[in-house]
Amino acid sequence: MGMDALSALIARFRTLPGVGVKTAARYAYAVLGFSEEEAEQFAAAIVDAKRKIHFCKECGTFTDKDVCDICATRDKSVICVVAEPKDIAAVEKTGEFKGVYHVLHGVIDFQKGIGAENIRIKELLARLSGVKEVIVATNPDIGGELTATYLANQIKPLGIKVSRLAYGISVGSEIEYADELTLQRALKDRKTL
Ligand SMILES: [Zn+2]
């Protein structure tokens, strides 16, 4: 027996991060309150984003251009390395960082079988000419630390400074959820690896 349309819609919303049954149902009823035109625009925005948005060919974040606005306009001598595109927003909120980013799309995690070759590390190594400093802004957890150490071992021998955010936030917390002031301090007080 197939799912009815309402249950199917609720199930779709439940696939979103942080959305439980109750919230999914609220979203589904909100959609049912849309006019047909609004519903079509809503669905079209999802499909449109999916079709037009891809990874920046330099840093790996989401963009609808070849090269994202940050890569196109900012100081390329300093690269801030993050695990996921959403981490860029957190660092940008501090207003403190004027360089460019590099998105790894993951961190090294041996338990999950993710090695250095499975994330965008060789792409980072390929864009280091003219770079003075690489700031590693992965989360202060096992995978984030392992990745930072690996990057320092690869990059320092090239004569490039490698630093790590000085987290005032506790181990296991994520940069995505750190407040602006904490991140601002973490960036300013960064430690050379
Ligand atoms: Zn970019």
Side-chain angles (χ1 to χ4, degrees), residues 1-74 76 79-97 99-109 111-115 117-124 126-127 136-139 141 143-144 147 169 172-180 182-183:
M1 206 173 77
M3 230 185 246
D4 64 78
L6 179 58
S7 308
L9 186 57
I10 292 172
R12 290 291 169 193
F13 280 122
R14 281 207 70 189
T15 65
L16 296 173
V19 178
V21 186
K22 268 187 174 172
T23 306
R26 270 177 48 221
Y27 288 169
Y29 287 115
V31 165
L32 292 179
F34 288 174
S35 68
E36 197 163 329
E37 194 191 355
E38 284 167 335
E40 263 158 24
Q41 285 165 348
F42 192 90
I46 293 173
V47 176
D48 205 39
K50 199 54 210 163
R51 275 195 196 128
K52 287 183 184 155
I53 298 173
H54 47 255
F55 296 134
C56 167
K57 67 176 186 186
E58 289 186 18
C59 71
T61 195
F62 294 118
T63 178
D64 56 6
K65 300 173 184 147
D66 232 22
V67 170
C68 75
D69 290 336
I70 291 177
C71 284
T73 57
R74 300 247 293 247
K76 290 193 176 161
I79 297 180
C80 178
V81 177
V82 294
E84 302 295 341
K86 61 182 175 349
D87 298 328
I88 291 179
V91 179
E92 282 296 286
K93 267 196 305 190
T94 66
E96 201 73 33
F97 183 65
V100 293
Y101 293 91
H102 186 86
V103 185
L104 295 172
H105 290 281
V107 288
I108 296 172
D109 186 334
Q111 283 190 332
K112 290 183 190 154
I114 303 168
E117 68 284 2
N118 302 117
I119 56 178
R120 296 181 68 252
I121 287 180
K122 62 176 186 308
E123 288 86 345
L124 173 64
R127 60 185 290 223
V136 185
T138 49
N139 286 325
D141 52 21
T147 306
I169 47 180
S173 52
E174 300 181 8
I175 89 162
E176 188 191 353
Y177 303 115
D179 64 86
E180 287 165 50
T182 304
L183 265 184

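Index from 1, following the sequence.
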Please list, chain by chain and in numerical order, all residues satisfying side-chain contact (heavy atoms from CB on, under 4.5 Å) with [X], sequence neighbours excluded.
X      : value
Arg74  : Ile70, Glu92, Phe97, Val100, Tyr101
Ala83  : Asp87, Val107
Ser35  : Glu37, Glu38
Lys112 : Asp109, Ile114

Quick one: does [X]'s side chain get under 4.5 Å of [Y]'s, heavy atoms only?
X      : Y      : result
Ile119 : Thr147 : yes
Ile121 : Leu104 : yes
Ile88  : Val103 : yes

List in chain and number order the residues that pass ring-ring contact (aromatic ring centres under 6.0 Å, His included) with His54, two or more places apart in sequence or in another chain; answer none if no residue qualifies.
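Not a single residue meets the ring-ring contact (aromatic ring centres under 6.0 Å, His included) criterion with His54.
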For Tyr29, all residues meeting ring-ring contact (aromatic ring centres under 6.0 Å, His included), sequence neighbours excluded
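Partners of Tyr29 by the ring-ring contact (aromatic ring centres under 6.0 Å, His included) criterion come out as none, since no residue qualifies.
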Provide the full list of side-chain hydrogen bond (donor to acceptor under 3.5 Å, both in side chains) pairs with a residue in residues 40-49, sequence neighbours left out, each pair given once.
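Applying side-chain hydrogen bond (donor to acceptor under 3.5 Å, both in side chains) to every pair that reaches into residues 40-49, excluding sequence neighbours, yields Asp48-Lys52.
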Rounded distance [0.5 Å steps], CG in Leu32 versus CG in Leu9
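Leu32 CG to Leu9 CG: 6.5 Å, rounded to 0.5 Å.
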Rounded to the nearest 0.5 Å, what's the gap from OG1 on Thr61 to CZ on Phe55? Could you check?
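The distance works out to 8.5 Å.
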Of all residues at least two apart in sequence or in a different chain, which pass the salt bridge (charged side-chain N to carboxylate O under 4.0 Å, His left out) check with Lys86?
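Result, salt bridge (charged side-chain N to carboxylate O under 4.0 Å, His left out) vs Lys86: Glu176.
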Go through the structure and list residues passing salt bridge (charged side-chain N to carboxylate O under 4.0 Å, His left out) with Glu84, not counting sequence neighbours.
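In terms of salt bridge (charged side-chain N to carboxylate O under 4.0 Å, His left out), with neighbours along the sequence ignored, Glu84 is linked to no residue.
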Quick one: which residue pairs count as a salt bridge (Lys or Arg N to Asp or Glu O under 4.0 Å) with a foot in residues 62-73, not counting sequence neighbours?
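Matches after skipping sequence neighbours: Lys57-Asp66, Lys65-Asp69.
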Within residues 12-32 or reaching into it, pairs that qualify as salt bridge (Lys or Arg N to Asp or Glu O under 4.0 Å) - sequence neighbours excluded:
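Not a single pair qualifies under salt bridge (Lys or Arg N to Asp or Glu O under 4.0 Å).
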I need the single residue from Lys76, His102, Arg127 that forms a side chain to side chain donor-acceptor pair (under 3.5 Å) with Glu58. Which is it?
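Among Lys76, His102, Arg127, the one that satisfies the side chain to side chain donor-acceptor pair (under 3.5 Å) with Glu58 is Lys76.
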Going by the rule side-chain hydrogen bond (donor to acceptor under 3.5 Å, both in side chains), which residues pair with Thr138 if we only count those two or more places apart in sequence or in a different chain?
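With neighbours one apart ignored, the set is Arg164.
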Crowded around Tyr27 OH? As in, over 12 foreign heavy atoms under 6.0 Å?
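It does not: Tyr27 OH has 12 such atoms or fewer within range.
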Quick one: does any side-chain atom of Asp4 pair with a main-chain N or O of Leu6 as donor and acceptor, under 3.5 Å?
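Looks like yes, one N/O pair under 3.5 Å.
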Do you know the tightest heavy-atom contact between Gly60 and Pro85?
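Taking every non-hydrogen atom into account, O-CG, 4.5 Å.
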Parallel, tilted or perpendicular: which describes the rings of Phe62 and His105, with under 30° parallel and over 60° perpendicular?
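Rings of Phe62 and His105: perpendicular, as their planes differ by over 60°.
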